[in-house]
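Start at 1 and go down the list; that is how both ligands and their atoms are numbered. The structure displayed is predicted, hence computed values, not measured ones.
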Amino acid sequence: MKRLAITLMSIIMLMDFTSAYAWGPKGHDVVAAIAEQHLTPKAKRKINKLLEGKSIVYYSSWMDNIQNSPYWEYGYNKTKTWHYANVDKGLTYETMPKNENGDVVNGLEMLTKEMTENYKELTDSMKVDYLKMIVHMVGDLHCPMHAGRLSDRGGNNTRVMWFRNETSLHSVWDSKMIDSARQWSYSEWCEQLDRKSRKYRKEIVKGDYEDWFMKTVEEAAKLYDYVESTGEIVPSLSYQFVYDFTPLLEEQLLNAGYRLAYVLNEIFD
Ligand SMILES: [Zn+2]
């Protein structure tokens, strides 16, 4: 019995561990692909040189993969908490208790500051790492459950039925929503979403990381409200949920793409 309990415990831990990837690779690819369309020629050239001809799409999920790599002498394990910031209901980024290891908001602020104010002091490999991190983290900043509540570990402890399988609300938003909403490739997502006016693009990049994060917190609150409104202990989510929240998914991916382009142009142009 004890052994069974230990096995179950390790399965649950493994489940939670694997569900820590925001958006999943496809979501991050979509965000980076949209951003790539809006880089200035100068930013494009500099990024191309740093990444030795590879694209920001190519490296959009690098940060998720590197955190589990054995090459931790570079200190990538220190970035494990930089993918999210969990904020409980009624609190803001300003008032929430901060994770002492850093979070997605202050991580992005630090990296962007390094890449602007301290650029000349950085080695090329640091520039490359920081660039790849910014590309990934701006995506994470827009993933609703990466701005989820601290009390349920960013939706990891909120259990839901996704069609016929039990999972967490966090996991639904990592990759299940995007795969259920459309059967598109990342480039088809990019092509279909990236159709907003110049006015919209100008408007959406106003504010800073903290403002953008708080907008994601607001969107996450709608998801919690929805789940709670079902009155079920393990709410069943399926077609209706996909229909209701696909616009939110699309908006978050699109805005993340435009904002990432803005950040990279600020750094490299
Ligand atoms: Zn991540």
Side-chain angles (χ1 to χ4, degrees), residues 13-36 51 55-72 74-87 93 98-99 101-112 115 128-150 152-158 167-179 186 189 209-210 212-213 215-217 219-220 223 248-249 252-257 259-260 263-264:
M13 281 167 70
L14 197 68
M15 277 164 57
D16 283 338
F17 187 61
T18 49
S19 66
Y21 299 102
W23 287 134
K26 193 188 277 181
H28 282 289
D29 287 353
V30 174
V31 171
I34 292 170
E36 211 175 24
L51 299 182
S55 73
I56 54 173
V57 176
Y58 186 88
Y59 287 115
S60 73
S61 293
W62 171 87
M63 195 177 171
D64 272 339
N65 301 327
I66 201 75
Q67 65 174 340
N68 297 315
S69 88
Y71 305 112
W72 281 4
Y74 299 118
Y76 295 127
N77 55 336
K78 295 198 188 86
T79 66
K80 272 185 176 268
T81 59
W82 296 10
H83 299 252
Y84 59 89
N86 290 334
V87 46
Y93 184 76
K98 302 284 183 301
N99 189 319
N101 298 317
D103 58 54
V104 67
V105 178
N106 57 30
L108 273 168
E109 286 169 351
M110 188 276 288
L111 293 170
T112 309
M115 289 292 266
V128 172
D129 279 7
Y130 292 0
L131 166 61
K132 292 174 187 170
M133 286 181 193
I134 290 170
V135 168
H136 181 83
M137 287 162 68
V138 172
D140 279 351
L141 187 77
H142 291 79
C143 190
M145 282 302 122
H146 281 237
R149 294 177 184 164
L150 183 63
D152 75 341
R153 296 175 55 250
N156 272 302
N157 292 354
T158 295
T167 183
S168 69
L169 188 60
H170 186 105
S171 176
V172 164
W173 279 90
D174 271 4
S175 54
K176 292 180 172 61
M177 258 305 278
I178 193 166
D179 286 335
Y186 83 82
W189 272 96
Y209 288 130
E210 201 178 314
W212 301 343
F213 172 75
K215 188 79 180 67
T216 310
V217 171
E219 304 302 342
L223 300 170
L248 189 155
L249 168 78
Q252 290 300 101
L253 291 171
L254 186 63
N255 293 348
R259 287 165 177 164
L260 176 59
V263 168
L264 297 179

Gap between atom CD of Glu219 and atom CG of Leu249 - 0.5 Å precision
11.5 Å
I'd like to know if the side chain of Trp82 reaches the main chain of Asn106, judged simply by a donor and an acceptor atom lying under 3.5 Å from each other, with no hydrogens or angles considered.
no
Among His83, His28, His136, His170, which residue satisfies the ring-ring contact (aromatic ring centres under 6.0 Å, His included) criterion with His146?
His170
Polar side-chain atom of Thr81 near backbone of Asn101 as donor-acceptor pair, under 3.5 Å
yes
Give, rounded to 10 degrees, the angle between OD1 (Asp64) and ND1 (His83) as seen from the Zn ion (ligand 1).
80°
Can you tell me which N/O/S atom of Asp140 has the shortest distance to the Zn ion (ligand 1)?
OD2
Within less than 2.8 Å of the Zn ion (ligand 1), any N, O or S from His28?
no
Indicate if the distance from the Zn ion (ligand 1) to the nearest N, O or S atom of His146 falls below 2.8 Å.
no
